[in-house]
Amino acid sequence: MGNATTTLQVTNETARKATVIATVPKQPQVAGVIPAGDTGVLLVKRAQPGSVKAKVVVTYDNGDQIEFRFGVEDHDVTDKLVLRDKSILYNGQSRGRLLMSTGRLASLHRAAPRAAAAAAAAA
(Lines give C-alpha, C1' and ligand atoms only; values in the text may rest on other atoms or scores of the structure.)
Protein backbone atom coordinates (compact mmCIF):
# COMPACT_ATOMS: atom_id res chain seq x y z
CA MET A 1 0.00 0.00 0.00
CA GLY A 2 1.27 3.46 -0.81
CA ASN A 3 2.87 2.67 -4.17
CA ALA A 4 1.19 4.66 -6.94
CA THR A 5 1.80 6.79 -10.01
CA THR A 6 0.22 10.13 -10.83
CA THR A 7 0.25 10.71 -14.58
CA LEU A 8 0.60 14.47 -14.95
CA GLN A 9 -0.63 15.60 -18.38
CA VAL A 10 1.00 18.99 -18.98
CA THR A 11 -0.28 21.49 -21.56
CA ASN A 12 1.83 24.57 -22.22
CA GLU A 13 -0.48 27.38 -23.41
CA THR A 14 2.29 29.98 -23.31
CA ALA A 15 4.59 31.26 -26.04
CA ARG A 16 7.63 30.12 -24.01
CA LYS A 17 9.34 26.79 -23.42
CA ALA A 18 8.80 25.51 -19.86
CA THR A 19 10.79 23.11 -17.71
CA VAL A 20 8.63 21.23 -15.18
CA ILE A 21 10.33 19.54 -12.21
CA ALA A 22 8.38 17.41 -9.71
CA THR A 23 9.95 16.29 -6.44
CA VAL A 24 8.47 13.64 -4.15
CA PRO A 25 10.18 12.54 -0.90
CA LYS A 26 12.22 9.33 -1.24
CA GLN A 27 11.81 9.30 -5.05
CA PRO A 28 14.00 10.46 -7.93
CA GLN A 29 13.19 13.90 -9.26
CA VAL A 30 11.04 13.90 -12.41
CA ALA A 31 11.62 16.58 -15.05
CA GLY A 32 10.34 17.42 -18.50
CA VAL A 33 10.70 20.21 -21.03
CA ILE A 34 7.43 21.28 -22.62
CA PRO A 35 7.83 23.40 -25.78
CA ALA A 36 5.58 26.44 -26.28
CA GLY A 37 2.07 25.41 -27.32
CA ASP A 38 2.82 21.70 -26.83
CA THR A 39 1.93 18.95 -24.37
CA GLY A 40 3.86 16.37 -22.38
CA VAL A 41 3.51 13.76 -19.67
CA LEU A 42 5.32 13.39 -16.33
CA LEU A 43 5.02 10.24 -14.21
CA VAL A 44 5.12 11.22 -10.54
CA LYS A 45 5.61 8.16 -8.32
CA ARG A 46 5.25 7.53 -4.62
CA ALA A 47 6.45 4.54 -2.63
CA GLN A 48 5.47 5.14 0.97
CA PRO A 49 2.26 5.06 3.01
CA GLY A 50 0.60 8.12 4.48
CA SER A 51 0.23 11.64 3.17
CA VAL A 52 2.70 12.44 0.38
CA LYS A 53 3.11 15.86 -1.23
CA ALA A 54 4.83 16.59 -4.52
CA LYS A 55 6.54 19.93 -5.07
CA VAL A 56 6.35 21.17 -8.65
CA VAL A 57 8.48 24.02 -9.99
CA VAL A 58 7.79 25.40 -13.47
CA THR A 59 10.58 27.51 -14.98
CA TYR A 60 9.94 29.36 -18.23
CA ASP A 61 12.75 30.17 -20.64
CA ASN A 62 12.44 33.89 -19.76
CA GLY A 63 13.33 33.11 -16.11
CA ASP A 64 9.83 33.27 -14.58
CA GLN A 65 9.19 30.53 -12.01
CA ILE A 66 5.96 29.21 -10.50
CA GLU A 67 5.80 26.70 -7.65
CA PHE A 68 2.96 24.65 -6.20
CA ARG A 69 2.38 21.44 -4.25
CA PHE A 70 -0.17 18.69 -4.62
CA GLY A 71 -1.04 15.56 -2.72
CA VAL A 72 0.07 12.37 -4.47
CA GLU A 73 -2.75 9.83 -4.21
CA ASP A 74 -2.15 6.31 -2.89
CA HIS A 75 -3.63 4.90 -6.10
CA ASP A 76 -2.93 5.54 -9.78
CA VAL A 77 -4.56 8.72 -11.13
CA THR A 78 -4.27 11.10 -14.07
CA ASP A 79 -4.12 14.84 -13.35
CA LYS A 80 -4.03 17.81 -15.71
CA LEU A 81 -1.61 20.73 -15.46
CA VAL A 82 -2.12 23.74 -17.74
CA LEU A 83 0.70 26.28 -17.95
CA ARG A 84 -0.37 29.87 -18.61
CA ASP A 85 1.37 33.22 -18.49
CA LYS A 86 2.00 34.00 -14.80
CA SER A 87 -0.34 31.23 -13.57
CA ILE A 88 -1.07 27.52 -13.75
CA LEU A 89 -4.20 25.41 -13.55
CA TYR A 90 -4.08 22.08 -11.73
CA ASN A 91 -7.17 19.96 -12.47
CA GLY A 92 -9.02 23.14 -13.50
CA GLN A 93 -8.16 25.15 -10.38
CA SER A 94 -5.76 28.09 -10.26
CA ARG A 95 -2.71 27.05 -8.24
CA GLY A 96 0.82 28.12 -7.54
CA ARG A 97 2.63 31.30 -6.77
CA LEU A 98 5.03 33.28 -8.87
CA LEU A 99 8.45 32.90 -7.28
CA MET A 100 10.43 35.05 -9.65
CA SER A 101 9.49 37.24 -12.56
CA THR A 102 11.99 38.92 -14.85
CA GLY A 103 9.55 41.84 -15.27
CA ARG A 104 9.20 42.25 -11.49
CA LEU A 105 12.96 42.09 -10.99
CA ALA A 106 13.48 44.74 -13.66
CA SER A 107 10.98 47.08 -11.98
CA LEU A 108 12.73 46.58 -8.62
CA HIS A 109 16.07 47.50 -10.20
CA ARG A 110 14.53 50.64 -11.72
CA ALA A 111 12.91 51.60 -8.39
CA ALA A 112 16.11 51.30 -6.33
CA PRO A 113 17.93 54.30 -7.92
CA ARG A 114 14.78 56.45 -7.59
CA ALA A 115 14.46 55.54 -3.89
CA ALA A 116 18.15 56.32 -3.31
CA ALA A 117 17.80 59.67 -5.11
CA ALA A 118 14.70 60.55 -3.07
CA ALA A 119 16.49 59.67 0.19
CA ALA A 120 19.51 61.79 -0.81
CA ALA A 121 17.27 64.75 -1.71
CA ALA A 122 15.49 64.51 1.64
CA ALA A 123 18.78 64.57 3.59
Side-chain angles (χ1 to χ4, degrees):
M1 185 107 158
N3 294 341
T5 300
T6 297
T7 302
L8 199 55
Q9 296 177 336
V10 184
T11 302
N12 185 354
E13 293 184 349
T14 72
R16 299 181 306 271
K17 177 176 69 174
T19 301
V20 181
I21 300 172
T23 307
V24 176
K26 300 180 183 178
Q27 291 295 313
Q29 197 174 58
V30 179
V33 176
I34 314 298
D38 207 350
T39 61
V41 174
L42 293 177
L43 299 177
V44 181
K45 298 181 184 232
R46 65 173 279 163
Q48 69 259 29
S51 176
V52 177
K53 294 274 188 189
K55 175 182 169 184
V56 177
V57 178
V58 178
T59 305
Y60 296 101
D61 62 0
N62 69 349
D64 286 358
Q65 266 187 351
I66 297 177
E67 175 186 301
F68 80 102
R69 296 178 191 276
F70 71 92
V72 183
E73 300 289 338
D74 60 358
H75 55 278
D76 292 348
V77 296
T78 298
D79 290 340
K80 295 183 183 339
L81 180 64
V82 179
L83 310 179
R84 294 186 170 170
D85 289 322
K86 307 274 190 235
S87 68
I88 55 176
L89 295 177
Y90 175 72
N91 289 335
Q93 297 182 358
S94 180
R95 299 283 297 267
R97 60 187 172 97
L98 187 64
L99 296 177
M100 177 175 30
S101 169
T102 52
R104 183 170 177 251
L105 290 174
S107 68
L108 289 174
H109 288 294
R110 285 191 303 271
R114 285 192 298 255

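The shortest non-hydrogen separation linking P25 to V52 is CD-CG1, 4.3 Å.
When the side-chain contact (heavy atoms from CB on, under 4.5 Å) test is applied to K55, the partners found at least two apart in sequence or on another chain are V57, E67, R69. In this structure E13 satisfies the salt bridge (charged side-chain N to carboxylate O under 4.0 Å, His left out) test together with R84, sequence neighbours excluded. For Y90, the ring pair (Phe, Tyr, Trp, His ring centres under 6.0 Å) criterion is met by F68, F70, not counting sequence neighbours. Residues satisfying the side-chain contact (heavy atoms from CB on, under 4.5 Å) test with T78, not counting sequence neighbours, are T7, Q9.
Not one N or O on the side chain of D76 forms a donor-acceptor pair closer than 3.5 Å with the backbone of A4.
Considering OG1 of T6 and NE2 of H75, their distance stands at 8.5 Å, rounded to 0.5 Å. Taking CD1 of I88 as the start and CG of N12 as the end, the distance is 11.5 Å to the nearest 0.5 Å.
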Under 3.5 Å, which donor-acceptor pairs do the side chains of residues 15-23 form with other protein atoms, sequence neighbours left out?
from: R16; atom 1: NH1; to: D85; atom 2: OD1; distance (Å): 3.0
from: R16; atom 1: NH2; to: D85; atom 2: OD1; distance (Å): 3.3
from: T23; atom 1: OG1; to: Q29; atom 2: NE2; distance (Å): 3.3

Output a table of donor-acceptor pairs, distance under 3.5 Å, between side-chain atoms of residues 31-46 and any protein atom two or more places apart or on a different chain; print 'none' if there are none.
from: R46; atom 1: NE; to: G2; atom 2: O; distance (Å): 2.7
from: R46; atom 1: NE; to: Q48; atom 2: O; distance (Å): 3.3
from: R46; atom 1: NH1; to: G50; atom 2: O; distance (Å): 3.4
from: R46; atom 1: NH1; to: V72; atom 2: O; distance (Å): 2.7
from: R46; atom 1: NH2; to: Q48; atom 2: O; distance (Å): 2.5
from: R46; atom 1: NH2; to: G50; atom 2: O; distance (Å): 2.7

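The only member of D64, T14, L83 that meets side chain to side chain contact (heavy atoms under 4.5 Å, CB included) when paired with V58 is L83.
Grouped by direct or indirect side-chain proximity (heavy atoms under 4.5 Å, Ile/Leu/Val/Met/Phe/Trp/Tyr only), V82 sits with L89.
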